[in-house]
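Heads up, the thing below is written out as structure tokens.
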2 protein chains.
Amino acid sequence: MAASRDPRPCSIADALALVGEKYSLLVLREVCLGNGRFDQLVRNIGAPRDILATRLRRLVDAGILTKRVYSERPQRFEYRPTPAGLELEPVLLTLMAWGDRHLRQDDERPMVLEHSCGHELTPVVACAACGGTVVHEDLTSHPQTPGWTVKGPTAA
Amino acid sequence: MAASRDPRPCSIADALALVGEKYSLLVLREVCLGNGRFDQLVRNIGAPRDILATRLRRLVDAGILTKRVYSERPQRFEYRPTPAGLELEPVLLTLMAWGDRHLRQDDERPMVLEHSCGHELTPVVACAACGGTVVHEDLTSHPQTPGWTVKGPTAA
DNA sequence: TCTCGTGGGTTGGAAAATCAAACCCTTCAG
DNA sequence: CTGAAGGGTTTGATTTTCCAACCCACGAGA
């Protein structure tokens with residue numbers, strides 16, 4: 001679990017430390033689809049049951065999922081996304097869009113999402129301030145951590 | 001590396017099979033920042049050198065990175081994102097935004113991105129068709145694979 | 001009652017991936 | 001000819017993953 005010394009301080013790395021383990025984002029996919037029961041997760045994800053149990057504990061601890069009882073007697077549970085968990089959906093959407101574009105030359109997407117506007121969803125990342133679609137060339141990085149430049153640590 | 005039998009066919013899963021291993025997205029972060037040399041990557045990511053070498057091979061094979069010679073004699077290399085690799089940047093942006101919002105109650109973001117419009121970038125996912133910001137409630141899922149519903153395989 | 005099926009896990013041991021440190025090779029600099 | 005930088009590979013110990021088997025509570029059917 002540990003990484004070596006002094007990596008770049010970064011919210012991407014911190015986010016991945018929570019949801020970057022194998023299957024975690026697929027768990028989120030399923031619970032966002034409404035499939036929060038343990039063996040739905042096992043079947044739809046194809047993960048080993050013990051790993052899944054471990055991931056679920058972590059995601060609940062992290063405040064990304066909640067574990068709800070949907071039946072006493074017999075006691076049965078269901079995992080659902082918290083608001084924080086739902087806010088990870090954009091990550092899933094951008095990943096799916098990338099996979100659809102680059103991993104299948106044929107036009108056979110495994111799932112299509114429909115937006116309430118009536119169109120098929122093609123997710124794009126936009127700038128909240130100006131509304132424009134974000135492309136790499138329009139971005140400039142400003143590290144905020146003393147000692148770190150874009151290139152790396154200064155005077156390490 | 002193998003998952004059990006018959007998981008949901010899904011571009012998220014397929015994308016994660018390529019870039020979901022530990023450190024892969026951090027490699028992409030660094031090359032997008034322009035830091036493509038082997039020991040910049042080692043230092044800035046904090047990954048073991050052997051794992052990094054493995055990841056780099058995989059990402060090059062997948063067409064996400066290219067390995068360029070930036071100096072003959074002494075021979076030196078640099079990894080850079082391909083167009084396909086650059087198109088993964090939205091995944092990094094949405095992950096970073098989530099981490100900034102949920103992983104630091106204090107307001108100390110490790111990095112700020114500036115958009116060419118002059119504002120700090122706050123990335124949002126929008127619908128390419130209508131331009132509206134996408135929220136979970138506005139989405140409907142339509143699996144395209146025979147035998148699969150949102151809930152799972154039919155008549156398995 | 002006895003047994004089966006479902007839901008939600010836990011346990012055990014073998015196989016694979018990760019880790020840190022050490023090593024290797026080439027080239028340039030002193 | 002010694003050292004340092006860049007770009008890795010090798011080694012052996014430590015962790016994770018994997019899969020199958022098992023466990024438990026409950027309800028249904030025979």
Side-chain angles (χ1 to χ4, degrees), chain A residues 1-7 13 16-27 30-31 34-61 65-80 151-153 155-156, chain B residues 1-7 13 16-27 30-31 35-61 65-80 151-153 156:
Chain A
M1 204 62 147
S4 323
R5 60 126 160 277
D6 252 10
L16 286 173
L18 281 184
V19 300
E21 291 168 302
K22 201 172 174 183
Y23 304 120
S24 292
L25 286 175
L26 299 182
V27 168
E30 289 301 318
V31 299
N35 302 334
R37 306 191 188 173
F38 191 80
D39 49 337
Q40 281 180 322
L41 293 171
V42 169
R43 275 195 307 278
N44 295 357
I45 296 174
R49 307 169 73 81
D50 55 342
I51 304 294
L52 202 46
T54 306
R55 295 292 182 271
L56 288 167
R57 266 190 293 272
R58 244 180 104 49
L59 291 171
V60 168
D61 288 353
L65 301 183
T66 52
K67 183 177 185 174
R68 274 186 16 129
V69 172
Y70 72 85
S71 151
E72 311 272 358
R73 328 206 34 79
Q75 198 154 69
R76 296 278 178 269
F77 310 100
E78 182 190 15
Y79 295 90
R80 317 186 85 208
K151 289 303 170 187
Chain B
M1 204 61 149
S4 321
R5 61 130 154 281
D6 251 11
L16 287 173
L18 281 185
V19 300
E21 292 168 300
K22 201 172 174 184
Y23 304 120
S24 292
L25 286 176
L26 299 183
V27 168
E30 288 301 318
V31 300
N35 302 333
R37 305 189 188 176
F38 190 81
D39 48 338
Q40 282 179 323
L41 293 170
V42 169
R43 276 195 306 279
N44 294 357
I45 296 173
R49 307 169 74 81
D50 56 340
I51 304 295
L52 202 45
T54 306
R55 296 292 181 271
L56 288 167
R57 265 189 294 271
R58 243 179 106 49
L59 291 171
V60 168
D61 289 353
L65 301 184
T66 52
K67 183 177 184 174
R68 274 187 17 130
V69 171
Y70 72 86
S71 150
E72 310 271 359
R73 327 203 33 77
Q75 197 154 70
R76 298 275 179 268
F77 310 99
E78 183 190 14
Y79 295 90
R80 317 185 86 209
K151 289 303 170 189

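A note on names: the letters A, B, ... follow the listed sequences, proteins ahead of strands, and every chain is numbered from 1.
- Note on A:Phe38: a base of the nucleic acid sits closer than 4.0 angstrom, heavy atoms only.
- Put simply, the side chain of A:Arg55 gets close to the backbone of A:Lys22: a donor and an acceptor are under 3.5 Å apart.
- Residue A:Arg57 contributes atom CZ, which lies 8 Å from atom P of C:dG9 at whole-angstrom precision.
- Between A:Lys67 and C:dG7 there is no side-chain N or O to OP1 or OP2 distance below 4.0 Å.
- Looking at residues two or more places apart in sequence or on another chain, you find a side-chain hydrogen bond (donor to acceptor under 3.5 Å, both in side chains) between A:Lys151 and B:Asn35.
- Taking atom CG of residue A:Leu65 and atom C1' of nucleotide C:dG8, one finds them 16 Å apart after rounding to whole Å.
- Between B:Glu21 and B:Arg58, at least one side-chain nitrogen of the basic residue sits less than 4.0 Å from a carboxylate oxygen of the acidic one, meeting the salt-bridge criterion.
- For A:Tyr79, a side-chain nitrogen or oxygen approaches OP1 or OP2 of C:dG9 to under 4.0 Å.
- In this structure, the CD atom of A:Gln40 is 8 Å from the P atom of C:dG8, given to the nearest Å.
- C:dG9 atom C1' lies 20 Å from atom CZ of A:Arg58, rounded to whole Å.
- Close to C:dC19, at under 4.0 Å from its OP1 or OP2, lies a side-chain N or O of B:Lys22.
- Contact between the side-chain N/O atoms of A:Tyr70 and the OP1/OP2 oxygens of C:dG8 is found at a separation under 4.0 Å.
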**Request:** Between protein and nucleotides 23-30 of chain C, map the contacts as a letter string: B base, S sugar-phosphate only, - none, heavy atoms under 4.0 Å, written 5' to 3'.
**Result:** ----SS--
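- Dashed line: the shortest gap from a side-chain N or O of A:Arg43 to OP1 or OP2 of C:dG7 is not under 4.0 Å.
- Rounded to an integer number of Å, the gap from B:Tyr23 OH to C:dA20 C1' is 11 Å.
- Atoms CG (A:Leu52) and C1' (C:dT10) sit 13 Å apart, rounded to a whole Å.
- The salt bridge (Lys or Arg N to Asp or Glu O under 4.0 Å) test applied to A:Asp50 returns no partner, not counting sequence neighbours.
- B:Leu56 pairs by the side chain to side chain contact (heavy atoms under 4.5 Å, CB included) definition with B:Val27, B:Phe38, B:Leu41, B:Leu52, B:Leu65, B:Tyr79, not counting sequence neighbours.
- Summarising the geometry, the separation between CD1 on B:Ile45 and P on D:dG8 is reported as 13 Å, rounded to the nearest angstrom.
- Not a single salt bridge (Lys or Arg N to Asp or Glu O under 4.0 Å) links A:Arg57 to another residue, sequence neighbours left out.
- Between the P atom of D:dG8 and the CD1 atom of B:Ile51 lies a distance of 15 Å, rounded to the nearest Å.
- For A:Arg80, there are no salt bridge (Lys or Arg N to Asp or Glu O under 4.0 Å) partners, not counting sequence neighbours.
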Can you tabulate the close N/O pairs, meaning under 3.5 Å, that link protein atoms to atoms of nucleotides 11-13 of chain D?
none

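- Proximity of B:Val60 to B:Thr66: side-chain heavy atoms (C-beta onward) are nowhere separated by under 4.5 Å.
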Please tabulate, one pair per line, all N/O donor-acceptor pairs under 3.5 Å involving side-chain atoms of residues 69-77 of chain B, not counting sequence neighbours.
{"unit_1": "B:Tyr70", "atom_1": "OH", "unit_2": "B:Arg37", "atom_2": "NH1", "d": "3.4"}
{"unit_1": "B:Ser71", "atom_1": "OG", "unit_2": "B:Pro74", "atom_2": "O", "d": "2.6"}
{"unit_1": "B:Glu72", "atom_1": "OE1", "unit_2": "B:Gln75", "atom_2": "NE2", "d": "3.4"}

